[in-house]
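Working notes for the structure below.
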Amino acid sequence: MYERGDSHMEEKRSERDYGALALIPFIVFLGLYVGCGMVLMLMGVKDAFYQMPRYVAAMVAILIGIYCFDRKKKIGDKINVYCAGAGRSGVMQMGLILLLAGGFANAVAEIGGKTSMVNLGISIIPSHLLIPGIFLICCIISTCIGTSMGTQVTMIPVAIALAKGAGLNTGMAGAAAIAGAYFGDNLSMISDTTIAATKGVDAEMKDKFRMNFLIALPGAIVTMVIYAVLGHASGGGGQVQTRNYILPTVIPYFAVLILAVAGMDVTVVLVIGTVLAGVIGMACGTISFFGWTKAIGAGMEDMFWLAVFAMMISGMVELVRYYGGIAYLLKVSMKKIRNRKSCEYIIGFVSMIISGITLNNTVAIMISAPFAKDLGDKYKIAPKRLASLLDIFGAAALMLVPHDSGVLLVQTYAKGVNYLDIVRYQFYPILLLLFTCLTVQFGLMRTKEEKEAA
C-alpha cells in the first residue's frame with residue numbers, strides 16, 4: 001500500500017526494469033493461494049482454501065521477490081526494500097486501527113451487546129415484514145460490529161429458523177441475511193475492508209462512508225421493497241418470537257457509529273467505545289474488570305493475522321514496484337483506459353475479480369489499492385471515490401459467488417436449499433453495482449477538484 005507522504009520511496013527503482021517479469025511474486029501468491037484452493041475444492045477436499053495458508057503463499061512470493069531478482073545486489077539491500085514497504089506509515093496505522101477494532105468488537109460482544117443487538121432487532125420485526133426486516137437488521141448489525149462473517153454466523157441460523165416458523169421461503173431469507181451482512185461490511189467504520197480501502201488510497205473514512213452510503217442506500221431501499229412484496233406474496237402466518245435483550249449493552253455500537261460519522265478520529269472513537277463497553281458491562285453485571293481486559297486482548301489477537309498479513313502484502317507490493325511491475329501494469333492499463341470512466345470501471349472490476357477468486361474482499365483491496373492509487377493520481381480521481389469503488393465491487397463479488405461462506409451457511413441450516421435457490425433472491429448486489437455504475441457513468445458525486453480537472 002502506498003502512502004502519499006512516502007515520496008522518497010517512490011523514487012527508488014531497480015537498475016533493471018523487469019517489466020512483466022516483476023509481477024511473478026503476485027502470480028506465485030495468487031497461484032498458490034487461489035490455485036491450490038480451487039483445485040482442492042474441485043477434488044472435494046474440506047476447507048479447500050485453508051490447506052495452503054495465505055501466510056505461506058505470501059512468504060513464498062516474498063522470498064522469490066528477494067532472491068530471484070537483481071541477483072548481483074546484496075540480499076540485505078533487497079530485504080530493506082521489502083521492510084520499507086511493509087513498514088509504511090499507512091500500513092502501521094491500519095494495524096493499530098485493526099487491533100483497536102478487534103478489541104472493541106469482542107469487548108462489546110462479551111458484555112452481551114452483540115446478542116442484544118440481534119435480539120432487539122428480531123423483537124421489533126412485524127411478522128408480515130420478516131424478510132425485509134431480516135435484511136434491515138443485518139444491515140444495522142453489520143454496520144455496528146464491522147464484520148460480514150460475524151453477522152452471517154449470528155443471523156443466518158436465526159433468519160432460517162424464523163422463515164421456517166413463518167412459512168416463508170428460506171432461500172430468500174438466507175439471501176436477505178447475506179446481503180444485509182455485506183451492506184454493513186462495506187460501510188462500517190470498524191470493518192477491515194473500510195480500513196484497508198481508505199488507508200490503501202489515503203482517503204478519509206468519513207468521506208468514504210458518506211459516498212458509499214449515498215450509493216448503497218437506494219439499492220438497499222429498493223431491495224427492501226422487493227423483499228416486502230415477495231415476502232407478502234409467499235404467504236406465511238407464523239409469529240416472530242420476542243427475544244430477551246439488555247438495552248444498555250448496545251449503546252457502545254451506536255456511540256461508535258455516531259462519533260465516527262461526526263468526524264472524530266477513528267482511533268479515539270474505538271477507545272471511547274471500548275471503555276464505554278467496560279463501564280456498561282460492569283454496571284450491568286455482565287462482565288468483570290479482568291473479564292473486560294481479557295475480552296479486549298482476545299479481540300486484538302483475532303486481528304493479529306490481518307495486521308501481519310497487511311504488512312506482508314505491502315512489502316511484496318513494494319518489491320514488485322521496485323522491480324518495475326506496477327509501472328508495467330500502469331503502462332498496459334493506460335493502453336486500455338480511454339478516459340476517466342474506463343479507469344474507474346477497471347479499478348472496480350480488478351477488485352471484484354480478485355475478491356471473487358480469493359473469497360476475501362480485504363485481500364482483494366490490499367492487492368488492488370496500490371494499482372488504484374496510482375491510476376487515481378493520474379486521472380485526478382478523489383481518494384474517497386477510489387476507496388468506495390474498491391470496497392463496493394469487492395463486496396458485491398462475495399454476495400454472488402457460489403462458494404462464499406454465507407451461501408454455505410445458508411445451505412447448512414436450510415436443508416435442501418441450493419445455490420440457485422439463494423442467488424435468485426440476491427437483488428442487493430445487482431442493484432449496488434447498478435447504482436455504482438450509474439455514479440461512474442454520469443460522473444455523480446465528484447468533488448470540486450475532480451470537476452475542475454475534468
Side-chain angles (χ1 to χ4, degrees), residues 33-34 36-51 54 118 130-132 134-139 141-142 145 147-164 168-186 191-193 216 219-220 223-224 226-227 230-231 234 351-365 391-433:
Y33 180 48
V34 180
C36 287
M38 293 293 289
V39 170
L40 293 173
M41 184 178 69
L42 292 174
M43 293 172 59
V45 176
K46 186 179 179 181
D47 297 327
F49 279 88
Y50 292 94
Q51 302 305 312
R54 55 176 70 90
V118 173
L130 181 62
I131 301 297
I134 289 172
F135 173 72
L136 178 60
I137 290 169
C138 287
C139 287
I141 292 172
S142 57
I145 70 176
T147 166
S148 57
M149 190 66 216
T151 306
Q152 289 173 349
V153 169
T154 304
M155 278 301 298
I156 284 176
V158 176
I160 299 302
L162 291 174
K164 287 180 177 178
L168 298 172
N169 187 299
T170 53
M172 181 162 47
I178 294 170
Y182 280 110
F183 173 92
D185 182 74
N186 182 225
S191 167
D192 50 7
T193 56
T223 298
M224 288 185 64
I226 294 173
Y227 281 147
L230 292 178
S234 65
S351 177
M352 187 175 190
I353 291 169
I354 298 176
S355 179
I357 292 174
T358 62
L359 290 182
N360 192 316
N361 48 345
T362 307
V363 171
I365 290 168
D391 209 347
I392 288 172
F393 278 86
L398 297 183
M399 288 184 262
L400 296 171
V401 294
H403 50 298
D404 186 50
S405 57
V407 171
L408 299 178
L409 280 171
V410 173
Q411 290 175 320
T412 298
Y413 288 103
K415 305 297 183 183
V417 171
N418 59 41
Y419 167 68
L420 294 178
D421 294 330
I422 301 167
V423 78
R424 64 187 292 192
Y425 296 110
Q426 278 294 20
F427 309 111
Y428 176 65
I430 303 301
L431 290 166
L432 180 63
L433 290 174

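FYI, side chains are in, hydrogens and waters are out, and symmetry mates aren't considered; it's all heavy atoms of this structure. Note that the structure is predicted; figures quoted are calculated from it, not measured. In what follows, residues are counted from 1 in the order of the sequence shown.
Rounding to the nearest 0.5 angstrom, the gap separating the CZ atom in F183 from the CG atom in L136 is 9.0 Å. With rounding to the nearest 0.5 Å, the separation of OH in Y428 from SG in C138 is 12.5 Å. Expressed to the nearest 0.5 Å, how far CE of M399 lies from CG of L433 amounts to 7.5 Å. Rounded to the nearest 0.5 angstrom, Q426 CD and L400 CG are separated by 6.5 Å. Here the OG atom belonging to S351 is positioned 10.0 Å from the CD1 atom belonging to I392, to the nearest 0.5 angstrom. One distance of note links CD1 of I353 with CZ of F393; it measures 10.5 Å at 0.5 Å rounding.
In terms of modelled atom types and a separation under 3.5 Å, the side chain of S355 and the main chain of L398 share no donor-acceptor contact. For the pair Y227 (side chain) and Y425 (backbone), a donor-acceptor distance under 3.5 Å is present.
Residues I160 and V410 are in side-chain contact: their nearest non-hydrogen atoms beyond the backbone lie under 4.5 Å apart. Taking the side chain as every heavy atom from C-beta outward, V39 and V45 never approach each other to under 4.5 Å. In this structure the side chain of I131 never reaches within 4.5 angstrom of the side chain of L230, judged on heavy atoms.
Here the closest non-hydrogen pair linking I134 and A176 is CG2-CB, 4.3 Å. The nearest pair of heavy atoms linking T223 to F427 is OG1-C, 4.1 Å. Contact record, G416 with D421: O-OD2, 3.9 Å, taken as the closest heavy-atom pair. Closest heavy-atom contact between A159 and A173: O-CB, 3.9 Å. The nearest pair of heavy atoms linking I156 to A177 is CG1-CB, 3.9 Å. A396 approaches P429 most closely through the heavy-atom pair O-CB, 4.1 Å.
If you check the side chains of Y182 and N361, you find no donor sitting under 3.5 Å from an acceptor.
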Take D391 and I365 through the side-chain contact (heavy atoms from CB on, under 4.5 Å) test and state the conclusion after the steps. CA-CA 7 Å; D391 209 347; I365 290 168; 4.0 Å; yes
